Number of protein chains: 2
Amino acid sequence: MTVRMTSARKAILEELESSKAHLTINQIHERLSGRLPSLNVSTVYRSLDFLSQNGLISISDMGVGTPVYEIMKEETHHHLVCSSCKQVIELENDLVAPFFEQIEKEKKTKVITNHLVVFGICLECKEY
Amino acid sequence: MTVRMTSARKAILEELESSKAHLTINQIHERLSGRLPSLNVSTVYRSLDFLSQNGLISISDMGVGTPVYEIMKEETHHHLVCSSCKQVIELENDLVAPFFEQIEKEKKTKVITNHLVVFGICLECKEY
DNA sequence: CTGAATGCAAAGACTTTGCATCAGC
DNA sequence: GCTGATGCAAAGTCTTTGCATTCAG
């Protein structure tokens with residue numbers, strides 16, 4: 001079974017790559033409908049399945065109801081999402097890596113959370 | 001607008017309390033259909049909304065496709081889910097608390113992740 | 001009593017699937 | 001040219017909603 005890099009898959013990867021964002025299925029479909037007017041939602045579903053199965057993209061739940069998809073990078077990256085204003089704050093790897101190492105050591109597991117999401121209340125929202 | 005502790009809401013809370021588990025909407029509905037045969041799924045949806053809005057239960061994504069619901073406890077609790085065999089391993093609070101404290105200090109936020117889920121590969125699955 | 005919560009059925013949204021056609025390789 | 005991927009439409013699943021009825025306070 002040979003794998004084909006089709007225009008749909010390529011377009012999805014490019015969109016996720018260039019936008020560097022977490023996108024929902026519908027956002028991906030909308031954004032691509034300019035370039036690929038006949039692109040069907042079912043193809044987006046199938047392509048996202050394919051790409052995540054093959055480790056090219058990752059899936060996270062950021063608390064918006066549906067999963068979001070993003071390009072899989074070498075570097076892990078992590079976010080703090082404000083439960084109140086939904087703002088996304090970056091958590092530097094230096095902050096998270098020691099925690100993961102600790103888990104791996106104590107639990108003898110390999111952590112593969114490529115994108116950790118922690119929920120909280122941001123500074124601005126705390127003040128009101 | 002007065003709040004009513006109805007039999008549906010009470011039954012859901014009791015079920016989550018006694019099972020001490022993460023249950024999906026359907027699991028909750030099934031488990032209660034013995035006690036409340038006429039309980040409708042739509043009531044389960046509405047009740048879970050209500051209970052989570054009011055901080056009595058929490059919602060997490062454990063990677064099973066649908067969210068799971070559980071009783072909100074004073075103590076936070078955290079899990080490592082094996083992406084391969086789906087086994088759930090507890091992460092002691094002692095392991096996680098310092099990490100959250102670090103985030104709160106550096107980001108000046110309040111972390112309210114009551115149930116952190118980290119994905120990984122467990123010891124057994126690593127060996128095969 | 002009163003109005004919030006429920007049951008029911010219907011609508012809506014989201015996701016998957018079968019099959020003929022298309023297009024990478 | 002093969003065969004995997006796509007488009008389309010239809011089916012399936014999950015979730016929400018309107019409305020009459022029920023029941024908690």
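Note on naming: letters A, B, ... go to the chains in the order of the sequence lines (proteins, then strands), and numbering restarts at 1 for each one. None of these values were measured; they are calculated from a predicted model. For the numbers below, each heavy atom of this structure counts, side chains included, while hydrogens, waters and symmetry mates do not.
Rounded to a whole Å, the CE atom of Met5(A) is 15 Å from the C1' atom of dA23(C). When rounded to the nearest whole Å, the span between CG of Leu48(A) and P of dC14(C) equals 15 Å. Remark: P of dA13(C) and NE2 of His29(A) are 16 Å apart, rounded to the nearest angstrom. Note: NZ (Lys10(A)) to P (dA23(C)) measures 14 Å, nearest angstrom. Spacing between atom CD1 of Ile59(A) and atom P of dT15(C) amounts to 12 Å, rounded to whole angstrom units.
Side-chain atoms of Ser60(A) and Glu70(A) form a donor-acceptor pair, as typed in the model, at a separation below 3.5 Å. No side-chain donor-acceptor contact under 3.5 Å links Thr24(B) and Asn26(B).
Distances shown here put a side-chain N or O of Tyr45(A) below 4.0 Å from the OP1 or OP2 atom of dT15(C).
Minimum interatomic distance between Ile12(A) and Ser47(A) (heavy atoms only, all atoms of both residues): CD1-CB, 3.4 Å.
Note on the helix from dC1(C)-dG25(D) to dC25(C)-dG1(D): terminal axis deviation equals 50°, with five pairs used at each end and the result rounded to 10°.
For His115(A) and His77(A), the ring centers sit closer than 6.0 Å to each other. Phe100(B) and His78(B) have their aromatic ring centers within a separation under 6.0 angstrom.
When the shell of 6.0 Å around NZ of Lys86(A) is examined, it contains more than 12 heavy atoms from other residues, nucleotides or ligands.
Leu116(A) and Ile103(A) fall within a single hydrophobic cluster, where Ile, Leu, Val, Met, Phe, Trp and Tyr side chains are chained together by heavy-atom contacts under 4.5 Å.
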Subject >> Contact pattern, 5' to 3', of nucleotides 4-13 of chain D - B, S or - by protein heavy atom under 4.0 Å >> reply: BSBBB-----
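Checked for salt-bridge contact, Glu90(A) and Lys107(B) miss the test: no charged N lies under 4.0 Å from a carboxylate O.
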